[in-house]
Participant: 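Dropping a structure here in structure tokens format, bear with me for questions.
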Amino acid sequence: MRIALGVEYDGARFSGWQCQVGQRTVQASVESAVSSVADHPVTIITAGRTDTGVHANCQVVHFDTSALRTPYQWLRGVNTKLPDDVSLLWVKEVTADFHARFSALKRSYRYIILNRRVPSALLRSKVCWDHRKLDVDAMRTAAIALVGEHDFSSFRAAGCQAKSPLRSLSQLTICESSNWIWFDMAANAFLQHMVRNIVGTLTTVGAGDRPEHWPAQVLAARDRTQAGATAPPGGLYLTSITYPENYALPTHTEPTRYW
């Protein structure tokens, strides 16, 4: 039997998603909790890894099990075993051809910036603080060149293990309200640090340190050293994973009601 899960987590106290010896990771926490409820060892497959300090509104994972449990029993049982910075949102039995990573059509991220002179004492690990006055219109103009299918070598981490730097960025929108600025990005897949490197490059334009046409030049260079600094991880959220409709997975991040 194959089970899919929607997982929410605060990444501030985790060393990323993937299991690492001697480190606290989201994968290890979820595998331990699910294995306890299944009463046998379980390996969790994820839609995409997140780095240290990165959060998720709805990560999607799957696992195989011989244990017979109702969706509510999985949900309630696993949540009682998880630490307080991880929570299951929903549980869905899926067909054997479903794969959390390979069946995904699109990944979506949001990056949040608090743009004011002073930092937040309450949200220091939940958003990125930038004291510079950022020009949102300039960043929107600069972002246009990045949308579409491109070689994003200039925006990948040095240690990125992806075989190809080609990615199709279908959305890159920038919104603002009061002291808040947020970037919404969607793509078929992302390279390691790709969102944070794009944000770091666009905020360099927003701060007036580079012209609006600069990100297009960075993209064309295919050289990470030409781009801006990597934005901090605390402002980044994996917001959703999109799958073919035939799997009938929940499309929202609100916990499923089982009553």
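Numbering of residues begins at 1 and proceeds along the displayed sequence.
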Participant: Rounded to the nearest 0.5 Å, what separation is found between the OG1 atom of T46 and the NE2 atom of H62?
Facilitator: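 With rounding to 0.5 Å, OG1 (T46) is 10.0 Å from NE2 (H62).
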
Participant: So, Q27 side chain and C19 main chain: donor-acceptor pair closer than 3.5 Å or not?
Facilitator: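 Checking the backbone N and O of C19 against the side chain of Q27, a donor-acceptor pair under 3.5 Å is found.
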
Participant: Is there a donor-acceptor pair under 3.5 Å between the side chain of S103 and the backbone N or O of A100?
Facilitator: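 Checking the backbone N and O of A100 against the side chain of S103, no donor-acceptor pair under 3.5 Å is found.
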
Participant: Kindly indicate whether the side chain of L105, heavy atoms from C-beta on, has any atom under 4.5 Å from the side chain of P244.
Facilitator: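 They are in side-chain contact.
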
Participant: Are there over 12 heavy-atom neighbours, none belonging to R49, within less than 6.0 Å of that residue's CZ?
Facilitator: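 Counting other residues, nucleotides and ligands, CZ of R49 stays at 12 neighbours or fewer.
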
Participant: What donor-acceptor contacts under 3.5 angstrom involve side-chain atoms of residues 170-182, with partners at least two apart or in another chain?
Facilitator:
from	atom 1	to	atom 2	distance (Å)
S170	OG	A186	O	3.2
Q171	NE2	T173	OG1	3.3

Participant: Say whether, by atom type as modelled, one donor and one acceptor occur between the side chain of Y237 and the main chain of K126 under 3.5 angstrom.
Facilitator: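 Side chain of Y237 to backbone of K126, a donor-acceptor pair under 3.5 Å: yes, one is there.
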
Participant: Quick one: pull up CG in L236 and CZ in F183 and give me the separation to the nearest 0.5 Å.
Facilitator: 11.5 Å

Participant: With distance as the sole test, does W129 use its side chain to make a donor-acceptor pair with the main-chain N or O of R116 at under 3.5 Å?
Facilitator: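 Looks like yes, one N/O pair under 3.5 Å.
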
Participant: Is atom NE2 of H131 surrounded by more than 12 heavy atoms (other residues, nucleotides or ligands) closer than 6.0 Å?
Facilitator: no

Participant: Test L249 against V94 for side chain to side chain contact (heavy atoms under 4.5 Å, CB included), laying out the working first.
Facilitator: CA-CA 9 Å; L249 295 185; V94 291; 3.8 Å; yes

Participant: Less than 4.5 Å apart, any side-chain heavy atom of V30 and any of V86?
Facilitator: yes

Participant: What distance separates R69 CZ from D39 CG, expressed to the nearest 0.5 Å?
Facilitator: 7.0 Å

Participant: Are the side chains of V54 and Y111 in contact, using a 4.5 Å heavy-atom criterion?
Facilitator: no

Participant: List the steps and the verdict of side chain to side chain contact (heavy atoms under 4.5 Å, CB included) for D209 and R132.
Facilitator: CA-CA 11 Å; D209 296 330; R132 303 170 297 178; 3.8 Å; yes

Participant: Say you draw a straight line from CZ of F152 to OG of S168; how long is it, rounded to the nearest 0.5 Å?
Facilitator: 8.0 Å

Participant: Students often mix this up, so state it plainly: with edges at 30° and 60°, are the rings of F102 and H99 parallel, tilted or perpendicular?
Facilitator: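 Rings of F102 and H99: tilted, as their planes differ by 30° to 60°.
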
Participant: Can you name the closest pair of heavy atoms from A142 and L202 and give their distance?
Facilitator: CB-CD2, 3.8 Å

Participant: Report the C-alpha distance between L68 and M1 in whole Å, list the side-chain angles of each, state the deciding distance to 0.1 Å, and finish with yes or no for side chain to side chain contact (heavy atoms under 4.5 Å, CB included).
Facilitator: CA-CA 9 Å; L68 299 178; M1 180 184 304; 3.7 Å; yes

Participant: Okay, side chain of R167, backbone of H150: is any donor-acceptor separation there less than 3.5 Å?
Facilitator: no

Participant: When you measure from the side chain of R124 to the backbone of A121, do you find a donor-acceptor pair of N or O atoms at a distance under 3.5 Å?
Facilitator: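 The answer is yes, because a donor-acceptor pair under 3.5 Å joins these two groups.
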
Participant: Is a donor on one side and an acceptor on the other found under 3.5 Å between the side chain of H55 and the backbone of D10?
Facilitator: no

Participant: Considering only heavy atoms from C-beta outward, does the side chain of T95 approach that of R2 to under 4.5 Å?
Facilitator: no

Participant: Would you confirm whether T201, through its side chain, and G228, through its main-chain N or O, come within 3.5 Å as a donor-acceptor pair?
Facilitator: yes

Participant: Does a side-chain N-to-carboxylate-O contact under 4.0 Å join R13 and D84?
Facilitator: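 Yes, this pair counts.
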
Participant: Looking at R76, I want to see if its CZ is surrounded by more than 12 non-hydrogen atoms of other residues, nucleotides or ligands under 6.0 Å.
Facilitator: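 12 or below, so no.
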
Participant: For the residue pair W74 and L88, establish whether any side-chain heavy-atom pair is separated by less than 4.5 Å.
Facilitator: no

Participant: With a 4.5 Å limit on heavy-atom distance, are the side chains of H40 and T65 in contact?
Facilitator: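 SC-SC contact between H40 and T65 confirmed.
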
Participant: Do N115 side-chain atoms and L134 backbone N/O form a donor-acceptor pair below 3.5 Å?
Facilitator: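 Yes, because the side chain of N115 sits within donor-acceptor range (under 3.5 Å) of the backbone of L134.
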
Participant: In sequence, state the C-alpha distance, the side-chain angles, and the governing distance for T230 and N197, and then conclude on side-chain hydrogen bond (donor to acceptor under 3.5 Å, both in side chains).
Facilitator: CA-CA 5 Å; T230 305; N197 289 337; 2.6 Å; yes

Participant: Nearest heavy-atom pair of P211 and V205: which atoms, and what distance?
Facilitator: O-CG2, 3.6 Å

Participant: For a side-chain hydrogen bond (donor to acceptor under 3.5 Å, both in side chains) check, start with the C-alpha distance between T50 and Y9, then their side-chain angles and the critical distance, and finish with the verdict.
Facilitator: CA-CA 11 Å; T50 52; Y9 52 88; 2.6 Å; yes

Participant: Just so I know, are the side chains of D51 and R196 near enough to count as touching, which here means a heavy-atom distance under 4.5 Å?
Facilitator: yes

Participant: Has R222 got more than 12 heavy atoms of other residues, nucleotides or ligands less than 6.0 Å from its CZ?
Facilitator: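 No, the 6.0 Å shell around CZ holds no more than 12 heavy atoms from other groups.
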
Participant: What heavy-atom pair brings C58 and W90 nearest, and what distance separates the two atoms?
Facilitator: SG-NE1, 3.6 Å

Participant: Parallel, tilted or perpendicular: which fits the ring planes of Y243 and F98, with parallel below 30° and perpendicular above 60°?
Facilitator: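 Ring orientation, 0 to 90° scale: tilted.
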
Participant: Using the rule given for side chain to side chain contact (heavy atoms under 4.5 Å, CB included), can you reason through M185 versus V199, listing the C-alpha separation, both sets of side-chain angles and the distance that settles it, and then say yes or no?
Facilitator: CA-CA 10 Å; M185 300 188 207; V199 171; 3.7 Å; yes

Participant: Hey, what do you get for CD1 (I44) to CD1 (I3), rounding to the nearest 0.5 Å?
Facilitator: 10.5 Å

Participant: Can you tell me if T80 uses its side chain to pair, donor with acceptor, with the backbone of G77 under 3.5 Å?
Facilitator: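 Present.
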
Participant: Just how far is it from atom OG1 of T52 to atom CZ of F14, taken to the nearest 0.5 Å?
Facilitator: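 T52 OG1 to F14 CZ: 11.0 Å, rounded to 0.5 Å.
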
